[in-house]
Amino acid sequence: MLLAFLTVPKRVHGDHKQGQAFSFKVNFKISMNSRHTFYLLSCVVSLCHYGITLIWPGKQLKSDSYKELAVSGHDLKLCESRRNVCVMDIMDCSFEPLKGKEMFLDTSCHYLVHERSFVCKWIYLDDAKIINSFIFSQTSAFSHCPSIFNPLADFNLIIKSKNIIDKKEMYSEVYAISIANITQAPRPTIMSVNATETSIIITWMTGQFHSSACQIFYKLSTSKFWTVVSVIPFEEKFPENLYTINGLQPFSQYDLTIACRGAYGLWSDWSAEYQAMTLESAPTAPPYVSYCVEPLDDNFDTQKLVLLWKSLERGVAQGVILGYEVTYTSTKRASLKRIINTTDLKAVLEIAVGNYNITVKAYNIAGHSPAQHVGISTGFYQRLPAVKGLWAIAEASSLRIRWEIEKTAMNVTEFAIEWFPFHDVASKQWKRLNGSFSTVLPGSIRPLKTYNISVYPLCDALCGPPASVQASLKHGTLLDIVQLKLVNVTKTSVTVKWVWQEKAPSTSTLQYRLALRGLHEIRSLVVFPHQWTHTFYRLQTNVKYSVYIYGETTFGNYSKTNIEFTTPFLENDGIIKAVVPIVFLIIGFGIFSILSRAIYKDSSSNIINPGHSFIGHWLLHSLHERDHIISVLKLEDFTLPNQVIEKSLIQIEYQMSDEEDFDEDKFLSKIYPPHDCPEENSVNVENSLTPHGLTEYVDLPLIPGHSEYVVNCPLLGSAS
């Protein structure tokens with residue numbers, strides 16, 4: 001079997017790169033270099049045991065367990081029959097060694113000076129309830145068993161294990177023990193720790209035991225790796241020792257532990273871990289600032305400037321950040337300088353149009369950070385579009401939020417999330433998120449509180465306006481959909497709109513869906529607060545549809561509102577398209593009829609109007625009456641064939657000689673002599689000669705000879 005004595009402290013910190021390896025001289029029957037070898041052997045034994053169990057399942061080895069036994073000199077008794085043997089129980093004086101030694105593995109022993117205690121540990125390959133005891137022996141007789149544990153003692157050890165059920169006894173092999181080699185220094189005690197910004201001063205004690213060497217292990221509380229420092233205590237400061245650890249980080253928590261050893265023997269156990277905090281230092285870097293500008297009035301004379309910055313990392317802050325100092329100065333009027341102190345990660349300023357220099361500093365109890373300078377021109381600025389579709393749902397004891405962004409020329413690289421309970425802005429919290437559109441708000445969300453949640457998009461030094469929602473742990477987002485209406489219905493599409501209302505819904509709604517249900521189809525989509533209208537296309541003509549909105553919850557869905565409609569067979573524009581050609585056709589036909597009538601009239605015979613001819617006037621004039629008998633035309637005599645009418649055209653033409661000039665008065669006097677016509681008829685004659693009444697060519701019907709038409713033109717002087 002194996003025998004290994006502890007030669008290192010129980011806890012090994014660090015690795016060979018960070019700490020000094022332990023090297024000691026130890027007598028082993030089969031030596032091990034370190035505790036790592038012990039762990040390795042334990043694993044090998046366990047694997048072998050498991051493999052044998054799988055190969056021979058009918059003959060399984062018993063499970064092993066770690067055993068430990070401590071004894072002091074007062075617990076030992078001298079055997080009368082065997083003076084070279086000291087035992088814990090007189091019944092063990094008649095032991096038979098070398099029996100069952102294969103049951104004991106990885107035995108290690110050490111002697112504690114302050115406790116004056118001898119302690120051994122081993123693995124016993126049996127899960128039965130046993131009683132353990134030690135048997136000490138040497139070649140010469142013991143003079144006094146309680147005093148065998150002295151620095152110069154050398155003896156042999158046998159471990160006895162007795163099964164309390166079947167009374168079966170097992171003995172280990174004989175181990176050679178040297179107290180000088182297994183003596184373990186007492187555990188040191190850390191008395192005090194004093195810190196500066198970059199160092200820790202540690203004081204410890206080892207009691208009455210003088211240590212020849214000590215090792216201090218320290219690490220950041222957030223790290224897994226230890227750093228070792230070897231220390232040689234000063235004899236003049238015994239039993240109190242002091243050491244300063246330099247090169248530490250400001251405002252950082254460190255874990256400390258110490259182990260010591262004497263002039264010989266084993267290292268002590270590690271002291272209890274001690275935590276120490278270095279002091280604060282001024283921040284080493286400025287906060288990174290993003291900004292956006294928004295107009296406050298229609299004339300753009302006043303602008304709202306929003307400044308956002310990220311909290312400093314712990315290594316850069318080097319302390320608790322107490323606040324931020326914001327300074328803005330006009331480039332044209334340096335006297336217009338204003339300083340604002342805030343504990344928030346945001347500042348909102350109202351400024352006039354112009355150019356400004358902005359500086360932001362963080363500060364802690366030790367001082368201010370370097371300044372972050374930002375040059376802003378409010379006359380010409382860019383800003384990112386706000387996020388859309390912001391929604392919050394309850395998840396466990398917190399709120400999960402999600403959103404979407406618009407595709408723009410500038411890529412949004414980061415989001416700043418702000419949330420706080422209503423009427424409690426002092427408890428505002430911030431979170432930065434990169435490369436994701438969903439997150440769970442850290443920290444506990446109080447169930448009965450309503451929170452205001454805002455999300456700012458960020459791209460380098462630019463930010464966009466926030467998108468905000470109200471939410472609670474019970475109801476999620478406090479928004480509800482109402483007033484679903486039809487906006488436009490055509491034979492192939494429908495447009496609906498709705499209104500978002502800020503109120504707590506009846507249950508916690510994960511999301512709302514807008515659905516269209518028709519004769520043979522169902523369509524649906526998720527709607528968010530930035531949407532208030534939607535159009536469904538590719539509908540069927542003259543089919544009944546229904547549009548409804550329902551909410552999704554963890555327990556199922558519920559309907560909010562719905563509306564029904566039927567697509568028309570013809571649309572208004574379709575009717576117009578059908579009627580307009582008909583109207584144009586009717587108008588065209590009317591125009592064609594009028595034009596055809598005019599053309600036909602021009603091409604047909606003229607209707608004779610006697611009142612518009614000289615002959616008609618002459619025949620109808622009263623001067624031509626020769627008697628008092630008036631005859632009239634017989635109409636049947638004028639009923640002639642069309643061929644006769646076409647040939648009955650009378651052409652009146654006045655012939656004048658070449659030498660004779662035309663005299664209108666002479667011409668009239670020849671037709672109507674002044675002595676033949678009364679004066680009162682002169683007007684009629686005059687009117688009959690007007691341009692409107694004269695025609696050069698007159699169409700007259702042909703009067704037959706038997707028409708019995710007689711014209712009597714009485715003389716002016718005759719009696720009536």
Side-chain angles (χ1 to χ4, degrees), residues 1-12 22-35 37-38 66-78 84-89 92 104-123 132-140 142-160 172-189 205-215 239 258-271:
M1 304 305 294
L2 299 178
L3 175 64
F5 298 113
L6 285 176
T7 59
V8 297
K10 292 182 179 179
R11 289 172 51 193
V12 178
F22 297 106
S23 178
F24 306 96
K25 294 180 180 180
V26 184
N27 294 330
F28 296 103
K29 188 170 183 179
I30 298 178
S31 62
M32 294 188 301
N33 294 329
S34 68
R35 178 175 283 270
T37 306
F38 168 77
Y66 234 111
K67 307 297 179 183
E68 181 177 353
L69 182 61
V71 63
S72 64
H74 300 287
D75 298 327
L76 301 181
K77 303 176 181 63
L78 183 62
N84 63 335
V85 176
C86 291
V87 295
M88 298 175 61
D89 187 356
D92 296 336
F104 299 86
L105 296 175
D106 299 335
T107 303
S108 62
C109 299
H110 59 275
Y111 178 68
L112 302 177
V113 176
H114 281 189
E115 291 81 359
R116 297 183 180 276
S117 174
F118 180 82
V119 182
C120 290
K121 296 179 180 180
W122 68 94
I123 296 176
N132 300 306
S133 61
F134 291 151
I135 300 174
F136 300 95
S137 64
Q138 62 182 13
T139 55
S140 59
F142 289 106
S143 59
H144 187 241
C145 285
S147 61
I148 66 171
F149 300 126
N150 60 77
L152 302 178
D154 293 320
F155 47 79
N156 297 325
L157 170 66
I158 296 176
I159 303 174
K160 173 188 173 183
S172 70
E173 61 181 294
V174 179
Y175 305 116
I177 302 295
S178 174
I179 295 297
N181 293 331
I182 66 170
T183 298
Q184 186 177 18
R187 186 180 188 182
T189 303
M205 293 184 64
T206 57
Q208 299 300 319
F209 185 86
H210 177 71
S211 300
S212 61
C214 293
Q215 290 187 331
I258 301 175
C260 297
R261 62 169 294 180
Y264 53 84
L266 306 177
W267 285 84
S268 67
D269 291 333
W270 297 106
S271 67

A.B. asks: Between CG of L69 and CD1 of I159, what distance do you get to the nearest 0.5 Å?
C.D. replies: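 Spacing of CG (L69) from CD1 (I159) equals 8.0 Å.
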A.B. asks: Kindly compute the distance separating CZ (F155) from CZ (F118), expressed to the nearest 0.5 Å.
C.D. replies: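 Reported value, rounded in 0.5 Å steps: 5.0 Å.
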A.B. asks: Grab the two heavy atoms, one from H144 and one from I148, that are nearest each other, plus how far apart they are.
C.D. replies: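 Closest pair (atom of H144, atom of I148, distance): O-CG2, 3.6 Å.
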A.B. asks: Please report the shortest heavy-atom distance between I179 and F149, naming the atom on each side.
C.D. replies: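 Looking at all heavy atoms of both residues, the shortest contact is CD1-CD2, 4.0 Å.
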A.B. asks: Mind checking whether K67 and N132 have side chains closer than 4.5 Å, heavy atoms only?
C.D. replies: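 Side-chain contact under 4.5 Å: yes.
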A.B. asks: Would you indicate whether the side-chain heavy atoms of L105 and W122 approach each other to under 4.5 Å?
C.D. replies: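 No, their side chains stay 4.5 Å or more apart.
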A.B. asks: Please name the pair of heavy atoms, one in P188 and one in T206, separated by the smallest distance, quoted to 0.1 Å.
C.D. replies: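 Heavy-atom minimum between the residues: CB-CG2, 4.0 Å.
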A.B. asks: Looking at D92, is its backbone amide N or carbonyl O close enough to the side chain of D89 to form a donor-acceptor pair, meaning the two atoms are under 3.5 Å apart?
C.D. replies: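 Flag not set: sc D89 to bb D92 has no pair under 3.5 Å.
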A.B. asks: How close do Y66 and K121 get, counting heavy atoms only, and between which atoms?
C.D. replies: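 So the two residues come closest at CE2-CB, 3.9 Å.
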A.B. asks: Does this structure show an ion pair linking D269 with R187, if we count only N-O contacts that are shorter than 4.0 Å?
C.D. replies: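 No, this pair does not count.
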A.B. asks: Atom NE2 of H110 and atom OG of S268: how far apart are they, to the nearest 0.5 Å?
C.D. replies: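 If I round to the nearest 0.5 Å, the distance is 11.0 Å.
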A.B. asks: Kindly compute the distance separating CD (E68) from OG (S108), expressed to the nearest 0.5 Å.
C.D. replies: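 Output value for this atom pair is 8.5 Å.
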A.B. asks: May I ask you to decide if Q138's main-chain N or O and N84's side chain share a donor-acceptor pair within less than 3.5 Å?
C.D. replies: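 Side chain of N84 to backbone of Q138, a donor-acceptor pair under 3.5 Å: yes, one is there.
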A.B. asks: Could you tell me which non-hydrogen atom of C120 sits nearest to which non-hydrogen atom of F134, and how far apart they are?
C.D. replies: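 In this case the closest contact between C120 and F134 is CB-CZ, 3.7 Å.
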A.B. asks: Without swapping roles, check the side chain of D75 against the backbone of S72 for a donor-acceptor pair under 3.5 Å.
C.D. replies: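 Yes, the answer is positive, given that a donor and an acceptor are paired below the 3.5 Å cut-off.
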A.B. asks: Which heavy atom of I258 sits nearest to which heavy atom of C214, and what is that distance?
C.D. replies: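 Scanning both residues completely, I find the closest heavy atoms to be CG2-CB, 4.4 Å.
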A.B. asks: Strictly distance-based, threshold 3.5 Å: is any side-chain N or O of S212 a donor or acceptor partner for the main-chain N or O of G262?
C.D. replies: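 Between the backbone of G262 and the side chain of S212 there is a qualifying donor-acceptor contact (under 3.5 Å).
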A.B. asks: Let me confirm one number: the OG-CG distance from S143 to L78, rounded to the nearest 0.5 Å.
C.D. replies: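 One finds 9.0 Å between OG of S143 and CG of L78.
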A.B. asks: Any side-chain heavy atom of L76 sitting closer than 4.5 Å to one from V71?
C.D. replies: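 Touching, per the 4.5 Å side-chain cut-off.
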A.B. asks: Rounded to the nearest 0.5 Å, what separation is found between the SG atom of C260 and the CD atom of Q184?
C.D. replies: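 Output value for this atom pair is 11.5 Å.
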A.B. asks: So do L157 and F136 actually touch side chain to side chain, heavy atoms under 4.5 Å?
C.D. replies: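 F136 vs L157: side chains touch.
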A.B. asks: Any side-chain to backbone donor/acceptor pair from T183 onto Y111? Under 3.5 Å, distance only.
C.D. replies: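 No, T183 side chain to Y111 backbone: no donor-acceptor pair under 3.5 Å.
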